[in-house]
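These notes are about the structure you will find just below.
Throughout, numbering of the chain's residues begins at 1 and tracks the sequence.
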Amino acid sequence: MNCKGIALVTGLLILAAVSLIAITAAGSMTMQRKQAANYRDKALAMANAELAESWAKAWLFSRADVERQSLCSQNCVLPMGIHRPGQLPGSLENRALPWWSERAMKPGGDPSSGEQSSNSEPDSFWLMEEIHFHETADIGIDSNLAGIGFYRIYSLGTGRQPRSAVVTESIVARPWHVDLKPLSYPPSEPLDNFCRQFPPEIGCGTVAWRQLR
């Protein structure tokens, strides 16, 4: 009897150990699946933020020279959809999605008319402000170019979960008041085509980028 009892206890201990290992392995697999899902959701949010940023740049590069007041560096008349310096609040990365949806543009929207894109997906938005304007006379460029504007673009992209939201900030340079060809909007060609009109010494395109959230 003692031998049978010892064997029974030993078998129960082995069964308990195997069960514990199985439970631990199942928990680890569940955690890994959640981590993978969170990673995919964050990647989706980043892709949506990049989509919003590209539409903002397309809008900026499609503006005609007459839409921005010539030879003006303060309190200038700017194209619709571009805020003056200081008009946007700080810490936009902490603003909730409803705040963005009320004030920002969705990809494909038209700031001139205020119409948003009819496509409700994905949840991505952009805001833009002019932060500085360099007249060419001040930067030593011999050109018929009037100046170069620098613009801060905030972009928000979300994944399937609100906590996956990504906010990015990019600084984009855009020459003004010169014989140039604006891009069409919605864009029908690569955005780089706009900056290829200018020599390298004339700044054009993204000069800085960072992720805020």
Show the nearest heavy-atom pair for residues [X] and [Y], with the distance to one decimal.
X      : Y      : value
Ala52  : Leu156 : CB-O, 4.3 Å
Ala45  : Gly159 : CB-N, 3.6 Å
Gly81  : Pro111 : CA-CB, 3.6 Å
Tyr185 : Ser62  : CB-OG, 3.6 Å

Do you reckon [X] sits in the same ILVMFWY cluster as [Y], going by side-chain contacts under 4.5 Å, direct or chained?
X      : Y      : result
Val166 : Ile171 : no
Val207 : Leu191 : yes
Met128 : Trp209 : no
Leu44  : Leu212 : no

Exercise for the section: Report the C-alpha distance between Trp126 and Ser54 in whole Å, list the side-chain angles of each, state the deciding distance to 0.1 Å, and finish with yes or no for side chain to side chain contact (heavy atoms under 4.5 Å, CB included). Expected result: CA-CA 9 Å; Trp126 63 266; Ser54 66; over 6 Å; no

If I take atom [atom1] from residue [X] and atom [atom2] from residue [Y], how far apart are they, to the nearest 0.5 angstrom?
X      : Y      : atom1 : atom2 : result
Ile153 : Ile131 : CD1   : CD1   : 10.0 Å
Trp176 : Ile148 : CH2   : CD1   : 12.5 Å
Arg196 : Cys204 : CZ    : SG    : 11.0 Å
Trp99  : Phe125 : CH2   : CZ    : 11.0 Å
Arg213 : Asn94  : CZ    : CG    : 7.0 Å
Ser164 : Met46  : OG    : CE    : 11.5 Å

Practice task
Decide side chain to side chain contact (heavy atoms under 4.5 Å, CB included) for Phe61 and Cys195; before the verdict, give the C-alpha distance in whole Å, the side-chain angles of both, and the deciding distance to 0.1 Å.
Solution key: CA-CA 9 Å; Phe61 293 160; Cys195 291; 4.1 Å; yes

Problem - Lys181 backbone acceptor or donor facing Gln197 side chain under 3.5 Å - result: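 Answer holds: yes.
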
Practice task
Could you tell me whether the side chain of Asn48 and the main chain of Thr158 form a donor-acceptor pair under 3.5 Å?
Solution key: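 Yes, because the side chain of Asn48 sits within donor-acceptor range (under 3.5 Å) of the backbone of Thr158.
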
Exercise for the section: Could you check whether the rings of Phe150 and His132 sit parallel, tilted or perpendicular, using 30° and 60° as the cut-offs? Expected result: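 Tilted, since the angle between the ring planes falls between 30° and 60°.
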
Exercise for the section: Hey, could you give me each pair passing salt bridge (charged side-chain N to carboxylate O under 4.0 Å, His left out) that has a residue in residues 54-66? Not counting sequence neighbours. Expected result: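 For residues 54-66, and leaving out neighbouring residues, the salt bridge (charged side-chain N to carboxylate O under 4.0 Å, His left out) pairs sorted by first residue read Arg63-Glu67, Asp65-Arg174.
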
Handout entry: Residue among Arg84, His83, Arg152, Gln87 satisfying side chain to side chain donor-acceptor pair (under 3.5 Å) with Glu129
Key =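 The side chain to side chain donor-acceptor pair (under 3.5 Å) with Glu129 is passed solely by Arg152 among Arg84, His83, Arg152, Gln87.
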
List the atom pairs, with distances to 0.1 Å, where a side-chain N or O of residues 70-77 and a protein N or O form a donor-acceptor pair under 3.5 Å, not counting sequence neighbours.
none

Handout entry: Tyr154 six-ring face occupied by Arg95 cation (under 6.0 Å, within 45°)
Key =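 Here Arg95 fails the 6.0 Å and 45° test against Tyr154.
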
Exercise for the section: Could you go through the side chain to side chain contact (heavy atoms under 4.5 Å, CB included) check for Met105 and Trp55 one step at a time? Expected result: CA-CA 9 Å; Met105 294 302 303; Trp55 276 94; over 6 Å; no

Problem - pair Leu78-Phe133: side-chain heavy atoms closer than 4.5 Å - result: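 Leu78 vs Phe133: side chains apart.
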
